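Take a look at the structure set out below.
Just so it is clear, the values below take in all heavy atoms, side chains as well, and ignore hydrogens, waters and symmetry mates. As the structure is a prediction and not an experimental result, all values here were calculated from the model. We're numbering straight along the sequence, starting at 1.
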Amino acid sequence: SPLPLIIMIDEIDSLVGDSLITVLRQLRAGYESRPDGFPQSVVLCGVRDLKDYRTHGTKEFITGESAFNLKTKSMRLGDFTETEVRNLYEQHTTETGQRFEEDVYPLVWKLTRGQPWLVNALAYDACFRMVENRDRTRPITAAIIMEAKDRLTIQHETHLDQLKDKLKEERVRRVVQPILAGEAVAETSDDTQYVVDLGLIRRSSAGLEVANAIYKEVIPRELNFEIQTDFGNLQQTERWPPGYAQID
């Protein structure tokens, strides 16, 4: 059977080190065989640009013409607009008859700023995980959306776990921490653009800021987690029997 003209590889950046390099080199080797012996186009989907891939266990970028001489263009899938958020939720209403009260839409926009995973996760939690709301005659209210938001920020959802992992990168922390502290960050630096591309921050009329309200709640908590843990350990002292003195 003929090969597909286009092949899409999702989560490509879940591969690391030699595994990733091997895949990239195979793509480069097959380039000359298009379109009869190799797909005409290949789309690599991930949270990072190819130029930001690193070798496993180190901070070094993956380099080498044989691995990277295959990129034509990078595109970032943008966030939903307010209208697109409404249209998405109204599709659920059309299919099930369950409606969203009008004050849900500005609330979802305020919480997510259109971040696609968050927009979907709030609705999925409200409409499916909350068993009582599987009754499609029950409208989804703003209070239900807030309950869904609280559940998402507390539970270890895959998307938020990935966010926590990104915050471990030094170049991410160098940008995010000053923003949280209200300090200036160079908008033109490579690190800044990298964090913008990851979707953690956005450019607004007021300058750089955390991308949405949910991230504003989750990011400081994660950045402070290690400090809180260390502080708790410092407060633990050994108990000495009465009449004994501790000698350091």
Side-chain angles (χ1 to χ4, degrees), residues 13 16 45-63 68 71 73-85 105-122 145-146 149-150 152-154 156-234:
D13 50 352
V16 293
C45 304
V47 298
R48 294 174 174 85
D49 193 317
L50 275 176
K51 65 183 175 61
D52 294 314
Y53 290 179
R54 296 174 181 267
T55 53
H56 182 52
T58 75
K59 297 182 179 181
E60 298 298 324
F61 290 110
I62 298 176
T63 58
F68 284 93
K71 173 180 166 182
K73 184 177 182 181
S74 290
M75 294 181 293
R76 181 178 182 272
L77 297 179
D79 297 330
F80 293 140
T81 64
E82 290 185 75
T83 299
E84 289 169 339
V85 171
Y105 299 111
L107 175 60
V108 170
W109 176 254
K110 178 182 178 181
L111 292 174
T112 69
R113 295 294 298 186
Q115 205 286 334
W117 188 90
L118 294 175
V119 171
N120 280 279
L122 287 175
I145 292 296
M146 287 301 296
K149 186 271 296 183
D150 291 340
L152 287 179
T153 55
I154 293 173
H156 294 284
E157 298 290 344
T158 301
H159 173 80
L160 297 181
D161 275 345
Q162 291 177 344
L163 181 150
K164 297 171 190 175
D165 184 65
K166 295 169 192 169
L167 292 173
K168 296 176 182 177
E169 297 183 31
E170 181 59 32
R171 66 189 306 206
V172 173
R173 298 167 78 100
R174 281 200 300 265
V175 174
V176 172
Q177 287 179 324
I179 291 176
L180 293 176
E183 300 172 0
V185 178
E187 296 196 25
T188 56
S189 73
D190 289 341
D191 288 348
T192 299
Q193 187 58 50
Y194 174 66
V195 181
V196 170
D197 290 343
L198 288 177
L200 297 180
I201 63 174
R202 67 187 184 94
R203 292 184 172 92
S204 69
S205 57
L208 294 170
E209 61 182 18
V210 177
N212 55 65
I214 291 179
Y215 284 0
K216 287 178 181 177
E217 180 176 341
V218 173
I219 289 176
R221 181 188 303 161
E222 292 307 316
L223 289 176
N224 290 329
F225 179 76
E226 292 181 6
I227 297 175
Q228 293 170 6
T229 301
D230 292 341
F231 182 78
N233 292 334
L234 289 173

*asked:* Counting neighbours of NZ on Lys216 that are heavy atoms of other residues, nucleotides or ligands and sit closer than 6.0 Å, is the number greater than 12?
replied: yes
*Kindly determine whether Leu163 and Val218 satisfy side-chain contact (heavy atoms from CB on, under 4.5 Å), including the steps that lead there.*
CA-CA 9 Å; Leu163 181 150; Val218 173; 4.1 Å; yes
_Between Thr153 and Arg221, is there a side-chain heavy-atom distance shorter than 4.5 Å?_
yes
*Answer yes when Glu217 and Lys149 have at least one side-chain N-carboxylate O distance shorter than 4.0 Å, and no when they do not.*
yes
*Under the 3.5 angstrom rule, does the side chain of Arg113 hit a backbone N or O of Asp79 as a donor-acceptor pair?*
no
*List the steps, then state whether side-chain contact (heavy atoms from CB on, under 4.5 Å) holds for Phe80 with Asn120.*
CA-CA 11 Å; Phe80 293 140; Asn120 280 279; 4.0 Å; yes
*Can you see which heavy atom on Ala121 is nearest to which on Leu152, and at what distance?*
CB-CD1, 3.8 Å
*What distance separates Leu111 CG from Ile145 CD1, expressed to the nearest 0.5 Å?*
8.5 Å
_Separation of Asn212 CG from Ile201 CD1 (nearest 0.5 Å)_ = 12.5 Å
*What are the two closest heavy atoms between Gly78 and Pro116, and how far apart are they?*
O-CG, 4.1 Å
*How far apart are the C-alpha atoms of Glu82 and Tyr105, what are their side-chain angles, what is the distance that settles it, and do they pass the side-chain contact (heavy atoms from CB on, under 4.5 Å) test?*
CA-CA 8 Å; Glu82 290 185 75; Tyr105 299 111; over 6 Å; no
*asked:* Rounded to the nearest 0.5 Å, what separates atom CD in Glu169 from atom CZ in Arg174?
replied: 10.0 Å
*asked:* Go through it in stages, so that I can follow the logic: the residues are Glu84 and Val119, the test is side-chain contact (heavy atoms from CB on, under 4.5 Å), and I'd like the CA-CA distance, side-chain angles, deciding distance and then a yes or no.
replied: CA-CA 10 Å; Glu84 289 169 339; Val119 171; over 6 Å; no
_Within this structure, what is the CZ-CG distance for the pair Arg173 and Leu180, rounded to the nearest 0.5 Å?_
11.0 Å
*In Å, rounded to the nearest 0.5 Å, how long is the span from OH of Tyr215 to CZ of Arg202?*
13.0 Å
_Working to the nearest 0.5 angstrom, can you tell me the gap between Gln115 CD and Leu122 CG?_
10.0 Å
*Mark yes or no for whether Thr112, through its side chain, and Leu118, through its backbone, hold a donor-acceptor pair below 3.5 Å.*
no
*Side-chain contact test, heavy atoms from C-beta onward, threshold under 4.5 Å: evaluate it for Thr192 versus Arg203 and give yes or no.*
yes
